[in-house]
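Worksheet: one structure, shown below.
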Amino acid sequence: MYVAKRSHHNPVLIPERQHPWEAIATFNWSPIKKGKNIHVLYRAISYPDPLTRPESQSTIGHATTTDGIHYKDKTHFIYPENDWEKFGCEDPRVTLFEGKYYTFYTALSEYPFNANGIKVAVAVSDDLKSIKEKHLVTPFNAKAMALFPERINGKITVIFSYHTDMPPAHIAIAQCNKIEELWSVDFWENWQKNIDKNIIQNIERTVRDHVEVGAVPIKTKLGWLFIYSHIQNYFEPMDHDPRIFGIEALLFDLKNPQKIIGRTEGPILVPEEPYELSGFAPNIVFPSGALVEKDILHIYYGAADTTCCRANIVLSDLLKTISFSENKINKFVRFKNNPIISPNKDNAWEATATFNPAAIMLGNKIHILYRTLANDNTSYIGYAVSKDGLNIDERLQLPIYSPRESFETKKIPNGNSGCEDPRLIKIGSLIYMCYTAFDSIGPPRVAVTSISEKDFLKRNWVWSKPVILTPNGIDDKDTCFLPEKIDGKYMIMHRIGTDICADYIKTLDFEKDKVMRCIKVLGPRINSWDSSKVGITAPPIKTKYGWLLLYHGVSRSHSTYRVGAVLLSLKDPTIVLSRITDPIFEPETDYEKVGIVNNVVFPCGMVVKKGVLFIYYGGADKVTGVATIKLDIILQVLKRGIKL
């Protein structure tokens with residue numbers, strides 16, 4: 001798990017009208033550190049000239065900075081001088097290698113543009129002030145070549161996109177002994193004879209995906225970190241499965257750059273911000289450079305083919321997440337005997353499903369209140385208890401809470417109805433239970449009831465009369481309230497539509513105080529794994545860094561329910577301090593992938609015991625499972641994310 005955060009200064013580098021050669025767009029930049037300065041080379045698109053073809057031309061600019069925010073000395077650095085680049089120079093990637101700066105770029109030799117006229121070229125400089133020599137590199141269609149900053153097993157190594165404009169494209173490796181071989185036609189003719197051995201296999205996840213080289217690889221202690229472009233559904237995009245430009249990462253073996261030893265399971269970054277969603281080419285984020293400063297990875301990317309932007313990640317968090325040898329350390333561990341609660345055919349009230357459990361620790365025991373589904377599709381609340389949080393020591397044969405009010409009793413025979421998805425909050429001597437009440441007709445609403453801790457422990461199930469907490473006629477679910485006041489009021493968290501919302505009430509007298517507002521706390525992220533909707537899992541846990549909230553997120557394309565994490569401000573919990581980029585828990589096992597609703601993990605309860613976080617969740621709307629992780633692992637990732 002890791003946090004990727006965009007620079008607050010984005011877009012960092014923008015077109016400048018006073019420079020006609022970069023008046024329309026400046027994007028796809030490549031950084032390199034030189035002394036105290038960071039030099040960047042970037043693609044620029046000129047103001048249209050109606051007397052030329054194409055009217056706007058791509059060339060490469062150069063700028064410097066000392067702080068990564070303010071850039072100066074912008075100059076026209078690489079531009080067409082030879083026939084093989086006469087229609088443009090695109091997308092530079094610069095490497096300092098054995099004392100010289102090598103900038104590989106895309107050279108355009110034909111117009112209208114076609115695959116045969118799109119090839120890789122290189123410009124060589126001693127000082128990044130002037131170009132000493134230029135060469136056409138590939139005699140075939142290729143793009144996005146990047147030179148590794150050191151030899152691998154004594155070999156000069158480059159990585160590039162092969163046949164990018166003649167699908168299927170591939171990312172490939174080439175190695176040589178002398179740098180001059182890279183612009184030798186004979187070298188590439190021999191290289192193509194072994195093309196199958198030179199292609200890096202299994203980068204794309206589906207045949208509809210497209211991949212391209214991003215940044216110059218970075219050497220780390222675990223392997224070569226390679227930031228690249230992974231475009232989902234590039235071929236044959238559909239309304240429910242749109243084309244998504246994502247930035248991802250691979251980890252290559254230090255001695256074998258064709259061996260993948262780690263990878264992201266989904267995008268680090270996708271188009272979300274206005275400057276990424278609109279521009280010269282809308283809805284694009286494209287990585288072209290990366291730098292590491294201390295333990296921070298800076299990803300340099302182009303936004304909508306218009307501006308230069310930057311995002312930051314804690315490098316060690318990313319490496320632990322993607323490395324095949326390290327990634328189990330930072331993951332939830334499922335109990336080996338999951339599911340811990342399954343339907344009981346002998347009890348009609350819990351014969352179909354037992355899922356979405358709340359949990360609370362009292363008297364050194366973890367008490368689990370789980371939703372059931374009866375033969376007639378009525379939801380009840382069942383009870384189980386565990387001493388160690390994993391093994392069920394006892395499970396009651398009768399429900400401890402049943403539908404009793406008009407707003408939760410069945411109106412349509414065999415229709416879904418009842419008391420769903422409980423969440424427990426203890427305040428003083430009372431235990432409150434929020435749940436979704438549904439009568440099989442009206443929109444679901446949130447009800448709240450309570451019981452004294454004394455009666456709860458004695459199993460004297462005398463719950464208070466339930467009261468509807470949310471407005472009439474509004475589909476409102478996934479509700480809890482914080483166990484302490486914020487500025488003299490109780491904060492209620494709930495979900496309306498796609499967002500997690502909040503409201504404040506003065507008292508817990510729900511006959512008088514009800515939810516009346518939807519103050520947005522958290523929403524879906526466009527194009528991401530949580531792009532369709534989000535909702536709370538269990539009530540947040542207070543920590544010294546903030547309120548830890550785990551939430552469920554649903555993807556737009558395949559409706560998978562996963563779990564994410566955010567840290568909310570202690571003073572104002574409507575403020576998100578940090579949000580983990582990737583899902584921290586997702587369906588993996590058969591009991592999570594196959595059930596009444598497939599591909600669902602849905603926690604409603606979490607408990608901290610001796611520094612370990614236990615989450616209790618529904619699997620595929622059928623069974624109950626438990627998984628654990630050290631609480632501090634999540635907190636430290638979120639804490640580091642605040643500082644990015």
Side-chain angles (χ1 to χ4, degrees), residues 5-16 18-19 21-22 25-45 58-79 89-105 122-134 144-150 179 213-220 224-227 247 286-303 306-315 643-644:
K5 186 176 288 186
R6 292 165 171 82
S7 170
H8 297 301
H9 302 281
N10 279 353
V12 182
L13 203 65
I14 61 175
E16 292 194 17
Q18 63 267 38
H19 297 160
W21 59 273
E22 61 168 356
T26 52
F27 60 109
N28 294 3
W29 54 341
S30 176
I32 192 161
K33 194 80 180 286
K34 184 182 178 186
K36 295 182 179 180
N37 290 331
I38 295 173
H39 293 249
V40 293
L41 302 183
Y42 58 93
R43 178 176 171 184
I45 296 181
S58 287
T59 56
I60 295 170
H62 170 267
T64 61
T65 181
T66 55
D67 60 8
I69 301 169
H70 304 95
Y71 288 81
K72 61 180 182 178
D73 303 327
K74 296 178 77 175
T75 57
H76 209 184
F77 194 58
I78 299 173
Y79 40 84
C89 308
E90 301 178 345
D91 304 341
R93 288 159 178 88
V94 58
T95 304
L96 175 61
F97 180 79
E98 297 183 354
K100 293 183 179 180
Y101 296 94
Y102 293 88
T103 302
F104 289 86
Y105 60 96
V122 65
V124 186
S125 175
D126 291 327
D127 53 12
L128 290 178
K129 293 179 180 179
S130 61
I131 301 299
K132 184 178 180 181
E133 54 187 283
K134 295 167 80 175
M145 185 172 285
L147 174 64
F148 282 72
E150 63 181 60
I179 195 73
V213 167
V216 173
I218 292 174
K219 190 176 185 181
T220 75
W224 288 102
L225 179 63
F226 175 59
I227 305 298
I247 296 174
F286 193 91
S288 47
L291 277 181
V292 174
E293 293 181 297
K294 295 182 179 179
D295 192 31
I296 303 299
L297 171 69
H298 304 290
I299 296 176
Y300 290 70
Y301 68 96
T306 304
T307 60
C308 292
C309 299
R310 200 175 77 175
N312 308 314
I313 306 176
V314 175
L315 177 62
K643 298 178 180 179
L644 288 174

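Just so it is clear, the values below take in all heavy atoms, side chains as well, and ignore hydrogens, waters and symmetry mates.
Closest approach of T26 and L13 over heavy atoms only: OG1-O, 3.4 Å. The minimum heavy-atom distance between N28 and G302, with the atom names listed, is OD1-CA, 3.5 Å.
With contacts defined as side-chain heavy-atom distances shorter than 4.5 Å, the pair L315/L225 qualifies. With a 4.5 Å cut-off on side-chain heavy atoms, I179 and Y102 count as touching. The shortest distance between side-chain heavy atoms of R43 and W29 does not fall below 4.5 Å. A heavy-atom distance below 4.5 Å is found between the side chains of H62 and T64. Taking the side chain as every heavy atom from C-beta outward, H39 and V94 never approach each other to under 4.5 Å. Residues V122 and Y105 fail the side-chain proximity criterion, which asks for heavy atoms closer than 4.5 Å.
Every residue meeting the side-chain contact (heavy atoms from CB on, under 4.5 Å) condition with K129, not counting sequence neighbours, appears here in chain and number order: D127. In terms of the side-chain contact (heavy atoms from CB on, under 4.5 Å) criterion, residue partners of T65 (sequence neighbours excluded) are, by chain and number, I38, D67, Y71. Scored by the salt bridge (Lys or Arg N to Asp or Glu O under 4.0 Å) test, R6 finds E272, E276 as partners (sequence neighbours excluded). Here H9 pairs with nothing under the ring-ring contact (aromatic ring centres under 6.0 Å, His included) rule; sequence neighbours left out. Taking the salt bridge (Lys or Arg N to Asp or Glu O under 4.0 Å) definition, one finds that K643 meets it with nothing, sequence neighbours left out. Listed by chain and residue number, I227, L269, V285, P287, I299, Y301 satisfy the side-chain contact (heavy atoms from CB on, under 4.5 Å) test with I247 (two or more places apart in sequence, or in another chain). In this structure A146 satisfies the side-chain contact (heavy atoms from CB on, under 4.5 Å) test together with R93, I159, V213, V216, P217, sequence neighbours excluded. Residues passing the ring-ring contact (aromatic ring centres under 6.0 Å, His included) test with Y79, sequence neighbours excluded: H76. By the salt bridge (Lys or Arg N to Asp or Glu O under 4.0 Å) test, D126 is found to be paired with K132, residues two or more places apart in sequence or in another chain being considered. Not a single ring-ring contact (aromatic ring centres under 6.0 Å, His included) links H298 to another residue, sequence neighbours left out. Remark: F226 engages Y228, F252 in a ring-ring contact (aromatic ring centres under 6.0 Å, His included) (not counting sequence neighbours). With sequence neighbours excluded, the residues satisfying salt bridge (Lys or Arg N to Asp or Glu O under 4.0 Å) with K74 are E16, E22.
Here CE of M145 is found 14.0 Å from CG of D91. Values are rounded to the nearest 0.5 Å. E150 contributes atom CD, which lies 9.0 Å from atom CZ of F97 (distance to the nearest 0.5 angstrom). Interatomic distance, OG of S125 versus CZ of F77, reported as 4.5 Å (0.5 Å rounding). In this structure, L297 CG and I218 CD1 are separated by 5.5 Å, a value rounded to the nearest 0.5 Å. Rounding to the nearest 0.5 angstrom, the gap separating the CD1 atom in I69 from the OG atom in S7 is 6.0 Å. Rounded to the nearest 0.5 Å, atoms SG (C308) and CZ (F27) are 8.5 Å apart.
Side-chain atoms of W21 never come within 3.5 Å of backbone atoms of T75 as a donor-acceptor pair (strictly under, hydrogens ignored). Judged by distance alone, the side chain of S30 and the main-chain N or O of L41 form no donor-acceptor pair under 3.5 Å. Although no hydrogens or angles enter the test, the distance criterion places a donor-acceptor pair under 3.5 Å between the side chain of N10 and the main chain of R310. For T59 (side chain) and C89 (main-chain N/O), no donor-acceptor pair under 3.5 Å exists by modelled atom type. Listed for the T95 side chain is no donor-acceptor partner under 3.5 Å among the backbone atoms of F148.
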### Task
Evaluate the criterion side chain to side chain contact (heavy atoms under 4.5 Å, CB included) for residue pair I78 and I131; output intermediate values, then yes/no.
CA-CA 8 Å; I78 299 173; I131 301 299; 4.1 Å; yes
### Query
Can Y101 and I32 be said to form a side chain to side chain contact (heavy atoms under 4.5 Å, CB included), step by step?
CA-CA 9 Å; Y101 296 94; I32 192 161; 3.9 Å; yes
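Environment of CD1 in I296: crowded, with over 12 heavy atoms of neighbouring residues, nucleotides or ligands closer than 6.0 Å.
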